[in-house]
Amino acid sequence: MKTDAAASKPNSDLGATLGFLLLRLWLVVRAVVTGIEKFAGSTTSDVAVNIDGAVNTYGLTASEGAKVYGLSHYHGVPAALYDKLKDEPFIPEAMLKAYDVVLGPALLILGITLLLGIATRISLFLMGLLYISLTVGMILLGQDSGIAWLGIHVLMVAAALFNVHHNRFEILNKF
Amino acid sequence: MKQTVTRRNFIKGSTAVGTGLILGAPSILSAAAKQAASDEIRVGFIGCGKQHEVLFNAMKNIPGLRYTAVCDIMKDRVGGAASRMKSTFKLDYIPTRYIDAEDMLTKEKDLDAVVVATPDFWHAPHTIMALEAGCHVYCEKMMSNTIDGAREMVRASERTGKLCQIGHQRRSNPRYLYALKELIQRHKICGQIVNANGQWNRAVASSRDIGGDLMNDPKKRRILPRDSVLKKYGFKDLHQFFNWRFYRDLSGGPISDLGAHQIDIFNWFFGSQPKSVMASGGRNYFKEREHFDNVMCIFEYDTPEGGARAFYQVLTTTSSGGGYFESFMGTEGTIEISERAAFTNLFRENSAPSWDPLVARGFIKKGAGTAPAAADSSAIAAYESAPPDKFMLPGDLNKPPHQPHLENFFASVRGEAKLNCDARHAFESEAPIYWVNPSALANQTITFTEEHLSV
């Protein structure tokens with residue numbers, strides 16, 4: 001029979017455990033899917049246009065685009081943002097290049113470690129730092145909505161760290 | 001004995017003007033002797049300047065061609081063209097290089113076809129030389145700088161029985177063919193076309209003198225033709241060599257260089273020649289040039305549906321005003337078409353029958369929005385018609401714009417197709433253009449007779 005004392009212990013609260021799990025999964029999805037999208041590109045091919053149910057005889061074509069994934073399509077920082085950040089005196093181009101290379105893999109690695117529960121605290125902390133680093137770029141470009149948006153991400157990471165003691169599913173809980 | 005045609009004796013011999021306008025099918029549309037499909041067509045090039053590059057880039061994807069010989073009076077261009085062909089196709093030979101076209105045609109006995117992309121005043125002599133040497137010819141438009149030159153080209157093609165395609169490349173463009181045959185002729189989406197409107201507005205920056213970087217650099221100048229070569233081939237000096245389009249003896253000016261493409265579309269789409277032209281022109285910016293930099297003209301047509309008028313303007317001083325397009329305006333709709341898809345739109349008059357069934361069957365696509373209307377209910381807006389709905393062609397061309405026309409030419413050489421713009425049809429369409437500058441110079445309307453427009 002459950003005692004009052006046992007019921008009041010936070011780490012035995014099923015609701016808190018599930019709540020943390022949801023928060024953790026959201027952060028995982030956010031990081032992993034964003035990381036995968038960094039490898040997304042598109043290909044276009046010209047196909048003959050169908051008119052009145054048959055291929056037209058004039059040679060009219062239309063371009064059809066398809067989304068594809070691959071290493072060759074990798075783009076860490078979107079091209080439009082990259083070009084703007086390149087002109088920022090506070091960001092040396094070599095650093096921007098390195099950041100561009102690291103960003104996608106970093107999102108994927110941190111998302112996977114958080115999913116598997118490997119060093120959850122360190123993973124969350126590094127994820128928070130990553131979102132802060134993105135915030136720096138947004139501040140330099142004067143993108144207020146982006147700053148607020150990333151601020152929410154950091155708050156969610158911080159909330160996960162505050163509640164990490166509710167975590168019940170992890171491979172390595174040392175860190 | 002082979003008849004030699006030089007520019008001088010060509011001009012002397014071309015004064016007789018034939019009569020008898022033939023608007024019907026041309027007598028020669030495809031090669032008489034069909035070649036084996038696997039046979040390579042041996043091609044020679046006369047003229048290796050900018051337009052040659054455009055044509056070569058459009059030919060690169062056409063299989064079954066053997067690049068045999070190249071010719072230009074500028075050695076550096078000949079070498080560049082031959083090297084480009086060798087490297088592009090990784091040839092195990094280099095096309096034979098010539099400075100003189102007559103020399104090339106005399107020595108290259110096995111040429112099947114010749115592509116002529118020389119200055120306009122050389123089109124007729126080079127085309128006739130090649131036809132008489134037994135070659136089929138693809139010649140850039142304008143057929144000639146003179147109407148008599150164009151007439152001689154038609155006669156030479158018909159006399160020799162060789163194909164002569166003129167480079168009005170829109171005639172093979174699927175978008176133009178579709179607009180004419182499906183939308184105008186079959187579905188009659190325009191209703192009665194009462195007006196055509198066309199323009200080519202080219203920026204002043206694109207209209208300046210060229211060649212200065214070569215002429216004024218002593219090192220680079222060495223690669224240019226010497227004075228004796230220039231004079232032999234009809235140029236007074238290097239400025240004329242590079243800027244022949246500015247001189248009345250060498251070209252027809254902007255109405256010919258740019259307008260010919262589009263006025264050809266008027267005549268093709270209307271299916272008839274105009275009955276008069278009224279033109280105005282002036283040297284409003286490039287005052288030192290012989291040709292007008294600003295020309296406007298109105299052609300009057302008798303079409304099977306009734307009368308129609310076509311307005312055309314060419315400017316070499318500004319690019320604003322919508323770029324270049326041809327617009328066919330009817331009682332039920334308008335087709336505004338251009339080689340650039342971005343300038344192509346269809347508009348349905350508000351009172352016309354619905355085009356939704358055509359959209360549903362894929363004949364046209366719904367465009368974004370309507371034509372601009374007045375922003376409020378002001379007094380001016382009260383006089384406006386309801387804005388027409390905007391539609392689009394269902395597809396585009398996924399090749400360089402000249403490629404389909406060249407494909408048509410080479411398919412015709414093989415006997416697999418009929419020319420889309422043989423010399424006679426091209427002449428019938430170009431003939432009215434030769435009278436624009438005279439009308440503007442005389443400041444009077446020219447009412448066409450058979451003598452004006454026939455071979």
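Predicted, not measured: the structure shown is a model, and the values here were computed from it. Here is how names work: the chains are called A, B, and so on, in the same order as the sequence lines, proteins then strands, and each is numbered from 1.
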Expected output: side-chain Arg24(A) to main-chain Ala160(A) donor-acceptor under 3.5 Å
no
Using distance alone, with no hydrogens and no angle check, list the donor-acceptor pairs under 3.5 Å between chain A and chain B.
| unit_1 | atom_1 | unit_2 | atom_2 | d |
| --- | --- | --- | --- | --- |
| Asp46(A) | OD2 | Asn398(B) | ND2 | 3.4 |
| Asp52(A) | N | Arg361(B) | O | 2.6 |
| Asp52(A) | OD1 | Arg361(B) | NE | 2.9 |
| Asp52(A) | OD2 | Arg361(B) | NH2 | 2.8 |
| Tyr58(A) | OH | Glu182(B) | OE2 | 3.0 |
| Thr61(A) | N | Asp396(B) | O | 2.8 |
| Thr61(A) | O | Asp396(B) | N | 2.6 |
| Thr61(A) | OG1 | Asp396(B) | O | 3.2 |

Can you establish whether the number of heavy atoms outside Phe125(A) located under 6.0 Å from its atom CZ is more than 12? no
Next on the checklist: Does Met392(B) form a side-chain contact (heavy atoms from CB on, under 4.5 Å) with Leu346(B)? I'd like the steps, not just the answer.
Outcome noted: CA-CA 6 Å; Met392(B) 297 155 64; Leu346(B) 315 176; 5.8 Å; no
- Task: Please report the C-alpha distance between Ile337(B) and Phe325(B) in whole Å, then the side-chain angles of each, then the deciding distance to 0.1 Å, and finally whether the side-chain contact (heavy atoms from CB on, under 4.5 Å) criterion is met.
- Result: CA-CA 6 Å; Ile337(B) 192 164; Phe325(B) 61 82; over 6 Å; no
By side chain to side chain contact (heavy atoms under 4.5 Å, CB included), Val33(A) pairs with (sequence neighbours left out) Val29(A), Glu37(A)
Whatever's closer than 4.5 Å to a heavy atom in chain A on Leu177(B) counts as both
Query raised in the report: Strictly under 6.0 Å, is that where the ring centroids of His153(A) and Tyr131(A) end up?
Result: yes
